[in-house]
Amino acid sequence: MGNAFRSLFRACCSSGNDDAVSGPALGPHGVNAETVGLTALAYDLLRFEVTSQVPPGLDEHVKSSRKAQANWYRKLLLAWKECNPPPKTPEEAARLVIETLKRHRTADVEGLLAFYCLPLPHSLVQPLADNPSRWPDGVKFIFHSLPVDAKAVADGDTITVYVSTADPRESSSVPQDVRIATIQRAQARSERNYDVADALHQSMIESGYRVLNIQNEDVLARKYRIRLRGIDAPESAMPYGKEAKEELVKLVQGRCLRVLVYGEDRYGRSVADIYCNNIFAQELMLKKGLAWHYAAYDKRIEFANWEKEARARRVGLWAAANPEEPWEWRKERRERNQM
């Protein structure tokens with residue numbers, strides 16, 4: 001078990017080693033912003049397993065005795081050993097702490113989280129216990145995307161994804177001309193006739209398909225432009241437009257998504273719910289104050305509640321006294337262009 005902790009600790013440190021030396025020191029362990037919570041907790045659990053000592057400085061954040069603190073670390077150590085896979089992000093580490101110590105005093109749990117600079121309970125988006133076994137009302141189909149490129153995120157509520165045509169739903173609907181172009185392109189590339197191969201690939205792109213290189217293998221994939229259902233994020237030129245886009249990029253970059261499609265909007269985009277690592281994207285954006293509940297098109301009560309939570313905490317765009325709704329912003333610019 002010690003080897004598992006050491007491997008995680010080395011991975012966390014090596015991923016940001018230069019920053020740890022030259023960047024700003026954060027938290028009681030002096031590691032950088034990318035690794036502070038996870039690395040520090042992994043290190044202290046490893047140290048506790050060897051020495052049975054809790055970290056110095058914890059008394060400044062919690063009220064319970066050192067004996068009680070040792071009991072926490074005993075429980076956390078056992079929980080970490082049983083966790084498969086172990087936490088890989090500050091959010092996952094925070095959930096482990098909260099769940100393991102749920103019968104202990106809230107102030108102590110939050111103090112422990114603060115000690116490691118881990119997210120506090122109110123800031124965490126709750127993951128799904130499991131993906132829905134039944135499709136929600138209105139869902140027409142569900143697919144899993146290929147890993148998402150950061151450039152595919154247009155703004156805080158729009159993203160382009162690709163799904164492999166090996167997917168049973170997709171395999172039967174690939175147009176014949178795309179199938180033929182795929183074969184001809186592969187032959188042209190094998191003959192190093194790259195101009196012909198590129199021209200064939202362009203024709204496939206114009207038909208909504210693309211050949212992607214996934215783990216050194218060519219994968220024929222279909223393009224879907226996704227509009228996140230039920231939210232409206234600030235446009236890029238609006239206040240918090242940049243932050244909304246960056247938050248969505250951080251969630252989806254390099255990851256495969258579970259996409260629940262309800263239909264198409266007038267721009268040909270698939271209106272959908274998106275889950276990434278069991279995190280509901282719309283919930284995340286609303287709770288962080290980076291989107292409005294688009295109540296004109298979606299009546300889900302939980303969306304309204306998540307927006308209210310963000311308003312009450314004045315996070316994200318709700319830090320402003322009177323933020324402008326993106327639909328009003330777009331309407332104003334349409335009217336201005338018509339004058």
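We number each residue from 1, following the sequence as shown.
- Residues Leu257 and Val148 form a side-chain contact, since some pair of their non-hydrogen atoms from C-beta on lies under 4.5 Å apart.
- A pairwise comparison of heavy atoms in Arg74 and Phe48 identifies N-CE2, 3.7 Å as the closest pair.
- The number of heavy-atom neighbours closer than 6.0 Å to OH of Tyr297, taken from other residues, nucleotides and ligands shown, is 12 or below.
- Panel note: side chain Ser145, backbone Val161; no donor-acceptor pair is recorded below 3.5 Å.
- Here Gln176 pairs with nothing under the side-chain hydrogen bond (donor to acceptor under 3.5 Å, both in side chains) rule; sequence neighbours left out.
- In this structure, Lys81 and Glu49 have side chains that are in contact, with non-hydrogen atoms separated by less than 4.5 Å.
- By the 4.0 Å N-to-carboxylate-O rule, Arg189 lies too far from Asp198 to be salt-bridged with it.
- Looking at Ser203, its side chain does come within 3.5 Å of a backbone N or O of Leu200 through a donor-acceptor pair.
- With salt bridges taken as basic N to acidic carboxylate O contacts below 4.0 Å, one links Arg330 and Glu235.
- Identified under the ring pair (Phe, Tyr, Trp, His ring centres under 6.0 Å) test for residues 175-210, with sequence neighbours left out: none.
- The stretch residues 148-161 participates, sequence neighbours left out, in these side-chain hydrogen bond (donor to acceptor under 3.5 Å, both in side chains) pairs: Asp155-Thr158.
- Taking the side chain as every heavy atom from C-beta outward, Arg229 and Gln282 approach each other to under 4.5 Å.
- Between Lys288 and Glu243, every side-chain heavy-atom pair lies at or beyond the 4.5 Å cut-off.
- Counting only N and O atoms by type, the side chains of Asp59 and Gln69 include a donor and acceptor under 3.5 Å apart.
- A 4.5 Å side-chain heavy-atom check between Leu112 and Leu76 finds at least one atom pair inside the cut-off.
- The closest donor-acceptor contact from the side chain of Arg314 to the backbone of Ala310 lies at 3.5 Å or more, if one exists at all.
- There is no side-chain donor-acceptor pair under 3.5 Å between His293 and Lys299.
- At least one donor-acceptor pair under 3.5 Å links the side chain of Tyr240 to the backbone N or O of Gly316.
- Look at Arg313 and Glu309 and you find no salt bridge, because none of the NZ, NE, NH1 or NH2 atoms lies under 4.0 Å from a carboxylate O.
- Using a cut-off of 4.0 Å between Lys/Arg side-chain N and Asp/Glu carboxylate O, Glu283 and Lys287 are scored as salt-bridged.
- No donor-acceptor pair closer than 3.5 Å links the side chain of Arg179 to the backbone N or O of Pro175.
- By the neighbour-count criterion of 12 heavy atoms within 6.0 Å, atom CD of Glu328 is densely surrounded, having more than that number from other residues, nucleotides or ligands.
- Using cut-offs of 30° and 60° on the angle between ring planes, the pair Tyr275 and Phe280 is parallel.
- Ion pairing between Arg300 and Asp298 holds under the 4.0 Å rule for side-chain N and carboxylate O.
- Residues Ile142 and Arg258 have side chains in contact (heavy-atom distance under 4.5 Å, counting atoms from C-beta outward).
- In this structure, the side-chain hydrogen bond (donor to acceptor under 3.5 Å, both in side chains) partners of Ser64, at least two apart in sequence or on a different chain, are Asp108.
- Ionic pairing of Glu92 and Arg95 is not present here: no N-O contact between side-chain nitrogen and carboxylate oxygen is shorter than 4.0 angstrom.
- Of the listed residues (Asp265, Val261, Leu260), just one forms a side chain to side chain contact (heavy atoms under 4.5 Å, CB included) with Ser270, and that residue is Val261.
- Annotation: cation-pi pair Arg225/Tyr267 absent, no NZ/CZ under 6.0 Å from the ring centroid and within 45° of its normal.
- A donor-acceptor contact shorter than 3.5 Å links the side chain of Asp167 to the backbone of Arg169.
- Residues Ile98 and Lys102 form no side-chain contact, since every pair of their non-hydrogen atoms from C-beta on lies 4.5 Å or further apart.
- Qualifying side-chain contact (heavy atoms from CB on, under 4.5 Å) partners for Arg266, counting only residues two or more places apart in sequence or in other chains: none.
- A donor-acceptor contact closer than 3.5 angstrom is absent between the side chains of Tyr162 and Arg222.
- At a threshold of 4.5 Å between side-chain heavy atoms, the hydrophobic network of Ile, Leu, Val, Met, Phe, Trp and Tyr places Leu248 and Tyr224 in one connected group.
- Arg185 meets the side-chain hydrogen bond (donor to acceptor under 3.5 Å, both in side chains) test with no other residue; sequence neighbours excluded.
- The aromatic ring centroids of Tyr294 and Phe303 lie 6.0 Å or more from each other.
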